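For this chain, numbers begin at 1 and follow the sequence in order. Predicted, not measured: the structure shown is a model, and the values here were computed from it.
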Amino acid sequence: RILDANDRAEQVYGYTRAELLARDVFSLRATDDAQRGVAHAQFDAVKLDGSLVFEATHVRKDGTSFPVEVSSRRVSLGDQQYVQSIVRDITDRRRAEELLRESEAQYRLLFKSNPHPMWVYDVGDLRFLAVNDAAVEQYGYSEAEFLGMTIAEIRPDEDRERLQSDVIKHADDLLQRFGHWRHCRKNGTIIDVEITSHRIQFGDRRARLVMANDVTGRLAAEQSLRHSEERYRSLFDNASDGILV
């Protein structure tokens, strides 16, 4: 039975103090048998262990339910045993957690389905923490293989020293374009890529999210164009006849 309640309890539950004092704590729970069984088990745990913090669903006078966090402790007054409970309405917290889960799900979907190779790596040991499907397809490593590697392992040996210095230099940059890099596929072929990355917190890890854009074809076309222009200039400058444009 409820022996006392404060003003805030009246506001939260919609009962007057007199109405609350005419009820027992189990009547504030959702009405299904499973909830009642859990409530009795929690009450027994408080009596046995002295304190307990748990989450539950409570019901207001108007019948609406809402999530709460309950901190209960056993109190002895003389030879009488009581339980004092502090009840916090966690509706806003639950809503924020749900929005965060939805945001993370959308973010992960964008990450996994992005057509450009993307990955997350730990700035401390350079290990891959996550890779998307495009990275698996383009580089030839399985996701499990990636997660057992570091980002240095997809670089040619001669580029690894530069990689280390760049990672140290830009580890905490919010947004940084690293320009052109060379990467190695699993089959040994070298590709030219443009890297864009920014800092993120990945669980408890300091990490960076990377997107790689393969520019091998573009660079080859630019090189071919330069060679073509050089040949044209040579023919133009060395022609035996006068040429005017």
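A side-chain contact (heavy atoms from CB on, under 4.5 Å) with R205 is found for one member of I200, V120, V123, D122 and no other, namely D122.
Atom CD1 of I195 and atom CZ of R208 lie 11.0 Å apart (nearest 0.5 Å). Rounded to the nearest 0.5 Å, atoms CD (Q42) and CZ (R29) are 4.5 Å apart. A distance of 6.5 Å separates CZ of R127 from OG1 of T150, quoted to the nearest 0.5 Å. Note that CZ of R155 and SG of C184 are 9.5 Å apart. Values are rounded to the nearest 0.5 Å. Rounded to the nearest 0.5 angstrom, M118 CE and S113 OG are separated by 9.5 Å. Annotation: the span from M211 atom CE to W119 atom CH2 amounts to 10.5 Å, rounded to 0.5 Å.
The salt bridge (charged side-chain N to carboxylate O under 4.0 Å, His left out) pairs that include a residue from residues 69-86 are E69-R88, E69-R93, where partners are two or more places apart or lie in different chains. Evaluation of the salt bridge (charged side-chain N to carboxylate O under 4.0 Å, His left out) test over residues 182-191, restricted to residues two or more places apart or in two chains, returns E145-K186, E158-R182, D159-R182, R185-D214.
A134 and P117 get closest at one heavy-atom pair: CB-N, 3.7 Å. For the pair V210 and S197, the tightest heavy-atom approach, listed with the atom from each and the gap, is CG2-CB, 3.8 Å.
Proximity of a side-chain donor or acceptor of T216 to a complementary backbone N or O of D192 within less than 3.5 Å is detected. Listed for the N132 side chain is a donor-acceptor partner under 3.5 Å among the backbone atoms of H116. In this structure, the side chain of R23 does not engage the main chain of E19 through any donor-acceptor pair within 3.5 Å. Under the 3.5 Å distance criterion, the side-chain polar atoms of R160 are matched with a main-chain donor or acceptor of A152. Remark: the backbone N or O of G124 is not paired with any side-chain donor or acceptor of R206 at under 3.5 angstrom.
When side chains are defined from C-beta on, V75 does not count as touching Q80, because their heavy atoms never get closer than 4.5 Å. Using a 4.5 Å heavy-atom cutoff, the side chains of I191 and Y139 are in contact. Contact check for H183 versus Q138: no side-chain heavy atoms found under the 4.5 Å cut-off.
The neighbour count for E137 CD, taken as heavy atoms of other residues, nucleotides or ligands under 6.0 Å away, does not exceed 12. Residue E97 qualifies as enclosed at atom CD: its count of foreign heavy atoms under 6.0 Å is above 12.
Taking the side chain to side chain donor-acceptor pair (under 3.5 Å) definition, one finds that Q106 meets it with nothing, sequence neighbours left out. Partners of D92 by side-chain contact (heavy atoms from CB on, under 4.5 Å), not counting sequence neighbours, listed by chain and number: R95. Evaluation of the side chain to side chain donor-acceptor pair (under 3.5 Å) rule for N114 yields no partner, not counting sequence neighbours.
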Exercise. Evaluate salt bridge (Lys or Arg N to Asp or Glu O under 4.0 Å) for D89 paired with R8, printing each intermediate quantity in order.
Key: CA-CA 11 Å; D89 183 346; R8 181 59 179 158; 5.8 Å; no
Practice problem: Verify side-chain contact (heavy atoms from CB on, under 4.5 Å) between E98 and E102, making sure each step is shown before the conclusion. | Solution: CA-CA 6 Å; E98 181 62 27; E102 290 176 1; 3.6 Å; yes
Exercise. Give the intermediate values and the outcome of side-chain contact (heavy atoms from CB on, under 4.5 Å) for residues F111 and L209.
Key: CA-CA 10 Å; F111 173 82; L209 173 66; 3.7 Å; yes
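Relative ring orientation between F128 and F146 is described as perpendicular, the plane-to-plane angle rising above 60° on a 0-90° scale split at 30° and 60°.
Grouped by direct or indirect side-chain proximity (heavy atoms under 4.5 Å, Ile/Leu/Val/Met/Phe/Trp/Tyr only), L28 sits with I2, V12, Y13, Y15, L20, L21, V25, F26, F43, V46, L52, F54, F66, V68, V70, V83, V87.
Hydrophobic clustering (side-chain heavy atoms under 4.5 Å, transitive across Ile, Leu, Val, Met, Phe, Trp, Tyr) keeps V59 apart from I90. Grouping the Ile, Leu, Val, Met, Phe, Trp and Tyr side chains by contacts below 4.5 angstrom, directly or via other members, places L147 with Y141.
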